[in-house]
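Accompanying notes for the structure given below.
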Amino acid sequence: QVQLVESGGGLVQAGGSLRLSCAASGRTFRRDTMGWFRQAPGKEREFVAAISWSGGTTYYADSVKGRFTISRDNAKNTVALQMNSLKPEDTAVYYCAASRILTVTSVSYDRWGQGTQVTVSS
């Protein structure tokens with residue numbers, strides 16, 4: 001099975017940037033769709049971004065489109081989320097996840113990391 005470990009979270013001021021990274025081990029990473037989801041206090045987990053196994057297809061939530069960029073390095077078994085122009089409403093725990101199909105639906109992701117906290121101050 002795939003094991004996922006996120007890193008790169010922290011505290012940043014509004015307008016700033018953070019880069020999250022997810023290191024994967026286990027089953028064939030390069031065949032998996034990789035996604036980022038987030039969950040704010042008192043809210044349901046929501047989709048942020050996803051990237052196909054080849055990196056050729058990406059999806060973004062409307063709320064982050066134009067500000068966040070997802071990328072992957074199959075040689076290093078890593079996926080990253082570059083977050084620019086951060087807003088206080090981006091504050092959440094961010095999770096890396098893996099799926100065997102290309103999807104933005106969280107129920108289709110069968111491997112999850114433990115999450116990393118991102119806090120954006122106003």
Side-chain angles (χ1 to χ4, degrees):
Q1 65 183 29
V2 173
Q3 294 181 330
L4 306 174
V5 179
E6 303 97 335
S7 61
L11 173 64
V12 65
Q13 289 188 333
S17 299
L18 279 176
R19 184 177 178 85
L20 305 183
S21 184
C22 175
S25 62
R27 78 183 185 210
T28 310
F29 167 82
R30 61 180 176 272
R31 295 180 182 174
D32 285 337
T33 292
M34 299 301 297
W36 287 96
F37 294 79
R38 67 186 182 186
Q39 188 167 18
K43 295 186 177 181
E44 293 186 354
R45 188 172 298 184
E46 65 175 0
F47 168 76
V48 176
I51 187 167
S52 63
W53 67 270
S54 68
T57 301
T58 56
Y59 296 103
Y60 295 94
D62 288 342
S63 58
V64 307
K65 202 170 293 183
R67 300 188 297 122
F68 291 10
T69 302
I70 189 170
S71 61
R72 67 189 296 162
D73 184 337
N74 287 342
K76 297 181 178 179
N77 284 5
T78 58
V79 60
L81 185 69
Q82 178 66 42
M83 305 185 296
N84 298 328
S85 302
L86 283 162
K87 304 175 181 180
E89 51 263 45
D90 294 319
T91 295
V93 177
Y94 283 71
Y95 297 90
C96 174
S99 171
R100 292 188 181 275
I101 62 174
L102 183 57
T103 179
V104 302
T105 305
S106 62
V107 295
S108 297
Y109 285 77
D110 58 354
R111 295 292 182 266
W112 293 82
Q114 293 186 327
T116 185
Q117 176 71 46
V118 171
T119 303
V120 184
S121 63
S122 58

| task | Look at Arg67 together with Asp90 and state whether they make a salt bridge at an N to O cut-off of under 4.0 Å. | result |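 The answer is yes: the pair qualifies as a salt bridge.
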Kindly compute the distance separating [atom1] ([X]) from [atom2] ([Y]), expressed to the nearest 0.5 Å.
X	Y	atom1	atom2	result
Thr103	Tyr59	OG1	OH	9.0 Å
Ser71	Met34	OG	CE	11.5 Å
Leu81	Thr69	CG	OG1	8.0 Å
Leu102	Asp32	CG	CG	11.5 Å

Closest non-hydrogen atom pair, [X] against [Y]:
X	Y	answer
Ser99	Asp110	CA-OD1, 4.2 Å
Gln114	Tyr95	O-CE2, 3.5 Å
Leu4	Ala97	CD1-CA, 3.6 Å
Gln117	Ala92	NE2-O, 3.4 Å
Glu6	Gly115	OE1-N, 2.9 Å
Arg72	Ser52	NH1-O, 2.9 Å

| query | Does one hydrophobic cluster hold both Phe47 and Val93, with members joined at side-chain heavy-atom distances below 4.5 Å? | reply |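 Yes, because Phe47 and Val93 connect within a single hydrophobic cluster, where side-chain heavy atoms sit under 4.5 Å apart.
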| Partner set under side chain to side chain contact (heavy atoms under 4.5 Å, CB included) for Val118, not counting sequence neighbours |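 Val118 satisfies side chain to side chain contact (heavy atoms under 4.5 Å, CB included) with Leu18, Leu20, Met83, Tyr94, Val120 once adjacent residues are dropped.
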| request: Would you check if Arg100 and Thr33 make a side-chain contact, meaning some heavy-atom pair closer than 4.5 Å? | output: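 No. Closest side-chain heavy atoms not under 4.5 Å.
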| Taking the side chain as C-beta and beyond, is there a heavy-atom pair between Phe68 and Trp36 under 4.5 Å? |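 No, side chains not in contact.
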| Under the 3.5 angstrom rule, does the side chain of Asn74 hit a backbone N or O of Ser54 as a donor-acceptor pair? |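 Looks like no, no N/O pair under 3.5 Å.
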| Aromatic ring centroids of Tyr109 and Phe37 under 6.0 Å? |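 Yes; Phe37 has its ring centre under 6.0 Å from that of Tyr109.
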| request: Assess whether side chain to side chain contact (heavy atoms under 4.5 Å, CB included) is satisfied between Arg38 and Thr91, documenting all intermediate values. | output: CA-CA 9 Å; Arg38 67 186 182 186; Thr91 295; over 6 Å; no
| query | Within a reach of under 6.0 Å around NZ of Lys43, are more than 12 heavy atoms found that belong to other residues, nucleotides or ligands? | reply |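 No - once you tally the heavy atoms of other residues, nucleotides and ligands closer than 6.0 Å, there are 12 at most.
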Could you tabulate the donor-acceptor pairs under 3.5 Å formed by side-chain atoms of residues 7-17, not counting sequence neighbours?
unit_1 : atom_1 : unit_2 : atom_2 : d
Ser17  : OG     : Asn84  : OD1    : 2.9

